[in-house]
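Reading through the structure tokens given below for one structure.
Values below: every heavy atom of this structure, side chains too, minus hydrogens, waters and symmetry copies.
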Amino acid sequence: MAQVSLEGIRKVYPNGFKAVKSTSFTIQDGEFVVLVGPSGCGKSTLLRMIAGLEDITEGTLKIGDRVVNNVDPADRDIAMVFQNYALYPHMTVRKNIGYGLKNRGTPASEIAAKVEDAAKMLNLTEYLDRKPAQLSGGQRQRVAMGRAVVRDPALFLFDEPLSNLDAKLRNQMRIEIKALQRRLGTTAVYVTHDQVEAMTMADRIIVLNAGQIEQIGTPTEIYHNPASTFVASFMGAPPMNLIEAEVADQQVRINGYDGLMPAPGSYAGPVTMGIRPEDVELDEQGSVTFRVDILEELGAHRLLHGAIADQPFTVMVNKDHDVQTGETRVTLKPDALRLFDAETGKVL
Amino acid sequence: MADTTLETPAVTHRPRRIRWETVGDHVVLILGSLLMILPPLLALTTASHDAVTIHREGLQLTIGDDLGKNFHAAMLEKGGFTQTVDGTLMLMNSFILGIGFAVGKIIISMMAAYAIVYFRLRFATLAFWMIFTTLLLPLEVRILPSYEAIQKLGLTNTYTGLIVPLIASATGTFFFRQFFMSVPEELAEAARIDGAGPWKFFIDILVPLSRTMIAAIFIIMFVFGWNQYLWPTLITTDESFFTLVRGIKQIVLSYTDSQIPEHGQALALAIVAMIPPVAIVIFFQNWFVKGLTESDK
Ligand SMILES: Nc1ncnc2c1ncn2[C@@H]1O[C@H](COP(=O)(O)OP(=O)(O)OP(=O)(O)O)[C@@H](O)[C@H]1O
Ligand SMILES: [Mg+2]
């Protein structure tokens, strides 16, 4: 168990590509941190630098109190779960899980006992003598977990471990991984591009964009107070509505709509206004005209896709609202409004 | 699968038509096989006659009485200039050459491919292509310098001199390189995190993963080594190092004491020389096909 700290870590690949720009953050002991961001934003690169599989171009990486920049992955006291599991195909599950211990010179009887324990914890006992090819995707995933757990490392690293599973299994494994991490109390860094995984598993989320941290925060913070339009549109399904507007005299105006809302702060000028689809209410007396083009049925909810003043807009309503396509009126909850700088996209 | 039972009643007995393309295919294949099998067959039938008959009448199509005698003599009777070499010794030499050649080639080319694929060598690609271009320089082209080197090292008439100069293998390196490149990178990384150093990763993971590949290359190389003629002829002058392929001519067919050469024995030895490569190919066919086409990673 350990605290992990990154100070000014950068990564420039040999071909000159700057995959990670100077980043600093600290992960607390026992914390479950999720790195999330679009494809190619440098999540894996960052994780692999922590693992020691990729050289750190600049900066200081500490696991516990030890600077590990130049420590071999085997000696960093970490375990990693890969997207394709990377199980040794010719070894049985038992050998796969025990391989790391064997290489560290653990006595055979102790390996056997630890493997049994890990297998029991992951419901793998009956598969111990099978080869990976004879297992289902979910079982392979569990073996990969077993390989990580059995060594009782200071830090778990996960690189999109669930992306090869079907939706149902993914939900189940998500919960299992989180529960396991809770129980063992091991610090974990988890990479995903699935924002649902990020929201449900994380103690804290780090949102990355183009090699840079956009925001660090708890899932609630990230969801309710996104630091930028990027975070607002990346997190949440459906994402936050972003509409061009103007602030003048402490009032927000969307195009033709006059004096719509009192604006927070004293800013004046063009802004991007954000609001979550569930923070909009259908209301005969509403101040804004919303044109509904498409209805999307989600079961418990219904998504209405359309436009406000020709800017795309989505509203989420409860299933018992009976809605037709065409024009209706809506109210935007004032305290749910977020304003972003129209140029930089940063929150105001 | 489940529906087939439902459809069975609907199948009517159509009159069986002869499909001429199929017949044609078979005729061609059968003729081809006959053509290929004829020489070994002739060798076998001829080997069952005595030397005089063969010398006078040439190849025989019938089975004679001397088959056992000829094989016995070929394998166990001492022959050659020094009268110390028999077929069994030559057979053993052939096995030493074939196996040494194949094993040596596999070890060398696996290690070369390992270095090229897994280590960030500065000139790995260049090194690989240099190894690859040696395909353009087969032994026959560089035979004089090779001989010179072995002779200067005093390795003529040794198994080392017979085998070592032949084991560098561009083909083997190429096949192993392709195979290693298809092994997912994460496997090496997982092993690294699991505390396996380069040597352990090679032995514990790469070698077992490559076993079908190794088997396939072993078969090719064994047959190739077994059939070497030019190099053994140059490098071994001592008859006790003769292999079957070269010994047939030198030992049995030598005109000692103005006798009629033992054609029957020579053909018997030729058959013996053919058996191991054929047997290996037949028995390991499955491995062979698997190794070259399939990969279980
Ligand atoms: N070895 C390399 N050499 C040069 N550039 C690289 C190398 N590996 C990755 N990159 C680049 O670095 C960037 C970040 O890659 P990385 O694998 O970290 O992305 P990611 O966030 O994990 O994406 P994904 O969600 O698709 O896995 C990408 O633009 C990629 O093209
Ligand atoms: Mg990645």
So for B:A188, is it side chain, backbone, both, or neither that comes closer than 4.5 Å to the heavy atoms of chain A? neither
Within 6.0 angstrom of A:D65 CG, more than 12 heavy atoms from elsewhere: no
Can you name the nearest heavy-atom pair linking B:R192 to A:A74, along with the distance? O-CB, 3.4 Å
For atom CZ of B:F284, decide whether the heavy atoms of other residues, nucleotides or ligands shown that lie under 6.0 angstrom number more than 12. no
Atom group of A:A144 that falls short of 4.5 Å from chain B, counting heavy atoms: neither
Per-residue contacts, residues 97-116 of chain A versus chain B, heavy atoms under 4.5 Å: A:Y99, A:G100, A:K102, A:N103, A:R104
A:M80 side, atom CE; B:E189 side, atom CD - distance, nearest 0.5 Å: 6.5 Å
Interface residues of residues 127-137 of chain B facing chain A - non-hydrogen atoms under 4.5 Å apart: none
Considering all heavy atoms of both residues, which atom of B:I193 and which atom of A:L53 are nearest to each other, and what is their separation? CD1-CD1, 4.2 Å
Counting heavy atoms not belonging to B:I37, are there more than 12 under 6.0 Å from its CD1? no
Here the gap from B:E186 atom CD to A:D159 atom CG, rounded to the nearest 0.5 Å, amounts to 8.5 Å
Answer yes or no: are there more than 12 heavy-atom neighbours, outside A:Q172 itself, under 6.0 Å from its atom CD? yes
Counting C-beta onward and ignoring hydrogens, is there a side-chain heavy-atom pair between A:Y88 and B:D194 closer than 4.5 Å? yes
Between A:R76 and chain B, with a heavy-atom cut-off of 4.5 Å, which part of the residue counts as in contact: side chain, backbone, both or neither? neither
Decide if atom CZ of B:F283 counts as having more than 12 heavy atoms of other residues, nucleotides or ligands within a radius under 6.0 Å. no
Whatever's closer than 4.5 Å to a heavy atom in chain B on A:D75 counts as neither
Tell me whether the count of non-hydrogen atoms from other residues, nucleotides or ligands lying under 6.0 Å of CZ in B:F95 goes above 12. yes
Looking at A:H90 and B:D204, what are the two nearest heavy atoms and their distance? NE2-O, 2.8 Å
Are there more than 12 heavy atoms of other residues, nucleotides or ligands under 6.0 Å from atom NZ of A:K21? yes
